[in-house]
Amino acid sequence: MAAPKVAVVGAGVIGLSTALCIVETCPSCSVTVLSEQFSPNTTSDVAAGMLIPHTYPGTPIHVQKQWFKETFTYLFAISNSAEASEAGIHLVSGWQIFKNTPKEELPFWSDVVLGFRPMSEAELQKFPQHQFGQAFTTLKCDCPPYLLWLEKRLKATGVQMYTRKVADLWELHSEYNIVVNCTGIGAHQLVGDKKLFPVRGQVLKVHAPWVKNFIRDGDGITYIYPGIHRITIGGTREKENWNLSPDPGTTKDIFDRCCSLEPSLQGAQDIKVKVGLRPSRQCVRLQREVLSQGGVKLLVVHNYGHGAGGFSVHRGTAKEAARLVRECIAALQGASSRAKL
């Protein structure tokens, strides 16, 4: 059969990295990225891009660890290359602190990040309201640079990118053999996934170049994540809230909470407020589906629902999605050779 045509719908970190993995593992494919929004207007552009996994209750821990390890290994190699600055990938050290000692003192990812250890008494003196902490070094992907770097890699391999709102996957069946759904929160409407819900996150991007270490409260709500040019401070986790407009009261609350952990942030300049909707569900939807309508079949691979943890596992889930695309191609080729008999 002719080169299989694959459409990837969505151009956040999941869509772009999935398209790249498909190109790398299926060089005979013709890949196109279709999205209503590209960087800097995606949910991924609001995210801090920190590699600190969030747990998916519906996914086995060993699978989550594998996704994280593949992503960490991939980004660590980029951080050690000449591409690091353009790709916006860098190591950052810091602390995760807890008001009470967590049940799980060693998270499943502790041996993937670098230098994981309990904080010393001396370090904890910096945080008088907290009694336990973990120190480690991890990676951060700054956006938009990382998304633009992925776009550049895709264009270099001949991938086409078009701004297009896809209202129904069936509208693609006459142009493409396989459709890969990486629409994040958009999948709620696009495929009617009622298990998917938004968790609204409001963050501030500020200029405070003297802050070098990340600080994350173990509750996951208050955090300070230094990037190359700006620091992301946050945040909120508001389930089922679809509002993309910044709330001024929330902005003040975030700023006050972060200043209580790092008082020098009082001097932060050039504060920009951003809001994103994390596409959350019990587990990432990573599966093949055959849609059929009046005897016509459409092969679909879903890769969405990464919630707050998309950057931490994006490369691992993209590799799995690319494997599912290869399975679809094999099914197509089998059908095409049977048709010839």
Side-chain angles (χ1 to χ4, degrees), residues 6-19 22 31-47 54 56-59 143 147 161-203 236-247 274-294 296-311 313-314 317-318 320-321 324-325 328:
V6 180
V8 176
V9 186
V13 70
I14 302 302
L16 297 179
S17 53
T18 299
I22 295 168
V31 179
T32 303
V33 176
L34 306 171
S35 188
E36 187 180 4
Q37 301 287 357
F38 284 84
S39 184
N41 300 314
T42 73
T43 302
S44 299
D45 289 288
V46 179
H54 288 251
Y56 303 107
T59 304
C143 283
L147 298 182
M161 295 191 215
Y162 300 109
T163 302
R164 171 174 169 180
K165 180 172 171 60
V166 176
D168 184 339
L169 295 179
W170 276 103
E171 69 189 58
L172 303 175
H173 96 273
S174 59
E175 301 166 71
Y176 301 98
N177 304 107
I178 301 163
V179 176
V180 186
N181 172 20
C182 302
T183 54
I185 198 65
H188 187 271
Q189 194 168 7
L190 180 64
V191 294
D193 186 344
K194 299 294 178 272
K195 294 178 185 168
L196 183 69
F197 58 92
V199 176
R200 180 181 182 276
Q202 181 166 318
V203 300
T236 65
R237 293 189 190 280
E238 302 161 76
K239 281 186 179 179
E240 299 286 358
N241 184 337
W242 290 86
N243 184 7
L244 281 167
S245 303
D247 176 74
K274 303 269 185 190
V275 177
L277 304 178
R278 304 176 182 96
S280 302
R281 65 202 299 283
Q282 285 293 101
C283 59
V284 177
R285 187 176 184 196
L286 192 48
Q287 63 182 162
R288 283 170 58 186
E289 184 179 22
V290 181
L291 301 180
S292 56
Q293 215 175 55
V296 181
K297 288 185 165 44
L298 177 64
L299 299 181
V300 177
V301 171
H302 298 284
N303 184 14
Y304 68 83
H306 297 70
F311 275 89
V313 297
H314 73 274
T317 59
E320 176 62 12
L324 295 174
V325 168
C328 291

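We number each residue from 1, following the sequence as shown.
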Euclidean distance, [Y] [atom2] relative to [X] [atom1], rounded to 0.5 Å:
{"X": "Y176", "Y": "L169", "atom1": "OH", "atom2": "CG", "answer": "12.5 Å"}
{"X": "T59", "Y": "R285", "atom1": "OG1", "atom2": "CZ", "answer": "13.5 Å"}
{"X": "T43", "Y": "I185", "atom1": "OG1", "atom2": "CD1", "answer": "8.0 Å"}
{"X": "S39", "Y": "L16", "atom1": "OG", "atom2": "CG", "answer": "8.5 Å"}
{"X": "D247", "Y": "Q202", "atom1": "CG", "atom2": "CD", "answer": "6.0 Å"}

* To do: Look at the side chain of T317 and the backbone N and O of H314, then say whether any donor-acceptor pair between them is shorter than 3.5 Å.
  => yes
* **T32 side chain vs A7 backbone, donor-acceptor pair below 3.5 Å** => no
Heavy-atom closest contact ([X] atom, [Y] atom, distance):
{"X": "R237", "Y": "A308", "answer": "NH1-CB, 3.3 Å"}
{"X": "P198", "Y": "L277", "answer": "CB-CB, 4.1 Å"}
{"X": "G15", "Y": "C182", "answer": "CA-CB, 3.6 Å"}
{"X": "C328", "Y": "V301", "answer": "SG-CG2, 3.8 Å"}
{"X": "G184", "Y": "L196", "answer": "O-CD2, 3.4 Å"}
{"X": "L147", "Y": "G12", "answer": "CD2-C, 4.0 Å"}

* Asked: With K165, which residues qualify under salt bridge (Lys or Arg N to Asp or Glu O under 4.0 Å), at least two apart?
  -> E36
* To do: Sequence neighbours left out, what pairs pass salt bridge (Lys or Arg N to Asp or Glu O under 4.0 Å) with at least one residue falling in residues 169-183?
  => R164-E171, R164-E175
So, do [X] and [Y] sit near enough that their side-chain heavy atoms are less than 4.5 Å apart?
{"X": "L291", "Y": "K297", "answer": "no"}
{"X": "V9", "Y": "V180", "answer": "no"}
{"X": "L298", "Y": "V300", "answer": "yes"}
{"X": "Q282", "Y": "Y56", "answer": "no"}
{"X": "V8", "Y": "L34", "answer": "no"}
{"X": "N177", "Y": "V6", "answer": "no"}

* To do: Applying side chain to side chain contact (heavy atoms under 4.5 Å, CB included), run through L299 and V290 and close with a yes or a no.
  => CA-CA 5 Å; L299 299 181; V290 181; 3.7 Å; yes
* **Sequence-distant partners of S280, side-chain contact (heavy atoms from CB on, under 4.5 Å), two or more places apart** => F197, V199, R278
* Structure fact -> side-chain contact (heavy atoms from CB on, under 4.5 Å) filter on N243, not counting sequence neighbours, yields R200, N241, S245
* Test V33 against Y162 for side chain to side chain contact (heavy atoms under 4.5 Å, CB included), laying out the working first. => CA-CA 6 Å; V33 176; Y162 300 109; over 6 Å; no
* Asked: Would V275 and V46 satisfy side chain to side chain contact (heavy atoms under 4.5 Å, CB included), going step by step from the backbone distance to the final call?
  -> CA-CA 6 Å; V275 177; V46 179; 5.8 Å; no
* Asked: Can you list every pair that meets side chain to side chain donor-acceptor pair (under 3.5 Å) and has a residue in residues 178-198, with sequence neighbours left out?
  -> N181-T183, N181-H302, D193-R281, D193-Y304
* To do: If a pair satisfies side chain to side chain donor-acceptor pair (under 3.5 Å) and one of its residues is in residues 6-19, list it, with sequence neighbours excluded.
  => T18-N303
* So, S35 and Q37: side-chain donor and acceptor under 3.5 Å apart, yes or no? -> no
